[in-house]
There are 2 protein chains.
Amino acid sequence: MATAENAVSKATFSRVPAYLRYLKGEAGKGVEYVSSAAIAKDMGLSAVGVRKDLALISSRPGKPRFGFEVRRLIADIEKFLGYDRWTNAVIIGAGGLGRAILSYEGFENYGIHVIAAFDNAPAKIGAVGGKPVYPMERLGDVVKRSGVKVCILTVPRSAAQEACDRAVETGISAILSFAPVHLRVPDGVTVKYEDLAVSLAELCGA
Amino acid sequence: MATAENAVSKATFSRVPAYLRYLKGEAGKGVEYVSSAAIAKDMGLSAVGVRKDLALISSRPGKPRFGFEVRRLIADIEKFLGYDRWTNAVIIGAGGLGRAILSYEGFENYGIHVIAAFDNAPAKIGAVGGKPVYPMERLGDVVKRSGVKVCILTVPRSAAQEACDRAVETGISAILSFAPVHLRVPDGVTVKYEDLAVSLAELCGA
DNA sequence: TAAGAATCGATAAAAAAATATCGATATGTG
DNA sequence: CACATATCGATATTTTTTTATCGATTCTTA
């Protein structure tokens, strides 16, 4: 059964990245097949749940007595998550966090190409890790020419809404925000919040 | 130390930080009361769902015709999330991301005190944003003396499992990992993954 | 080649969560 | 003061998600 995106529930979808992370670890150790029971044990899930999830995203059924083929599953998941389609993204805010992300090369493994950062402060303009940091004025320019739809927002909270508005104006339709502020966006624009402090706090409370 | 006060479902719990983010925004604009319908509209939820969530975490019922008192709700949520109890944390890995987090002061608003970072590379030792970066050898020392239970892992993927093991040895029981690797930990240790590439990819697929 | 073990997928049951409905309550207004 | 209205909370219903059960499949091995 091919990856029919419609049939995959939200709950399953949210677990898929964790499967990928786990499976890559197994692949790195040379494991070829892995059973639902083993995955469940290592990841703290139930074996039945794992089988149900994998039934939805795997292009081949699991083999009795062996389990699932690790490499195939990885490929299926990467395709399912769209890592085989390249996406361009830009960063707004070239402070410490923005620069760290700009120079992080791990995105390339996920089909994401961070092409540039933008900042208001003249002192920040230049390049980081071989990638350019432009003044904010050039945002519309670059976004339109490159057809970028995704933006990573790493500005201080006080600047977040304005930066967000600028991004939306230029045609950005998906925003990953690190600012701990609720952003108002028009319909059709998606925002995902990556609030480090909240993540930490959740962890403490967990 | 289970999440024993669990009249609150997981689904509700996961929305609480978003409520807090939103309510702080409203408070900043001087809004005193907010209705479930308004929250729902702005946050893209259903009004009934919002009421159910708030019924569980608010110390006072909402007022007919007014809604919920913003300031009180904020206080309730902060207490609920434990932001009134201070937690110490350390960072392992003083690369770009680790340093950015070390110098980020936003954690203080959430009852989290990041006290130091640790790194293997001598070149990284020193201080960032007024906070010390120690060599890894001193990890056990500092963790034990300060009773730190929480660790933020910002090392390259290849170093993640080893750093994780070191942290667990010293008594760390909660890890927020930025490395895109499944970590094996003993029972009793919680890991939360903060995979930026995955977040971005999810956003693109959403 | 037949018995046995490990694993799967499908179906069914249970639990959790989201959504709808409706009477109750407080507030402003004629 | 009576009424219309916005909003709530509680209960009921539907949908989604998780968990349990069990026969089918495939490989190992005696």
Verify salt bridge (Lys or Arg N to Asp or Glu O under 4.0 Å) between A:Lys79 and A:Asp76, making sure each step is shown before the conclusion.
CA-CA 5 Å; A:Lys79 184 168 183 189; A:Asp76 287 339; over 6 Å; no

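You'll find the ring centres of A:Phe13 and A:Phe80 inside the 6.0 Å limit.
Atom CD in A:Glu69 sits about 14 Å away from atom P in C:dC8, given to the nearest Å. Taking atom CG of A:Leu45 as the reference point, atom P of D:dA20 lies 14 Å away to the nearest angstrom.
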Across nucleotides 23-30 of chain D, 5' to 3', mark each nucleotide with B, S or - according to how protein heavy atoms within less than 4.0 Å reach it.
--BBBS--

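For DNA chain C, none of the residues of residues 16-40 of chain B falls under the heavy-atom distance limit of 4.0 Å. Of all the residues in residues 48-60 of chain B, B:Arg51 reach under 4.0 Å from DNA chain D with at least one non-hydrogen atom.
Contact of the A:Gln161 side chain with the A:His182 side chain is not registered, since no non-hydrogen atoms from C-beta on lie closer than 4.5 Å. In this structure, B:Cys151 and B:Ile91 have side chains that are not in contact, with every pair of non-hydrogen atoms separated by 4.5 Å or more. When side chains are defined from C-beta on, A:Leu54 counts as touching A:Ile39, because their heavy atoms get closer than 4.5 Å. At a threshold of 4.5 Å between non-hydrogen side-chain atoms, the residues B:Val143 and B:Leu139 count as touching.
Not a single ring-ring contact (aromatic ring centres under 6.0 Å, His included) links B:Tyr19 to another residue, sequence neighbours left out. With sequence neighbours excluded, the residues that form a salt bridge (Lys or Arg N to Asp or Glu O under 4.0 Å) with B:Lys29 are B:Glu26.
The side chain of A:Ser9 places an N or O atom within less than 4.0 Å of a non-bridging phosphate oxygen (OP1 or OP2) of D:dT17. Close to D:dT19, at under 4.0 Å from its OP1 or OP2, lies a side-chain N or O of A:Ser46.
Evaluated for a side chain to side chain contact (heavy atoms under 4.5 Å, CB included) with A:Phe178, the options A:Asp195, A:Ile152, A:Leu153 yield exactly one hit, A:Ile152.
Residue A:Phe68 has its side chain nearest to C:dC8 when only D:dT17, C:dC8, C:dA18 are considered.
Residue pairs meeting the side chain to side chain donor-acceptor pair (under 3.5 Å) criterion with at least one member in residues 94-119 of chain B, sequence neighbours excluded: B:Glu108-B:His113.
Judged by distance alone, the side chain of B:Thr12 and the main-chain N or O of B:Asp53 form no donor-acceptor pair under 3.5 Å.
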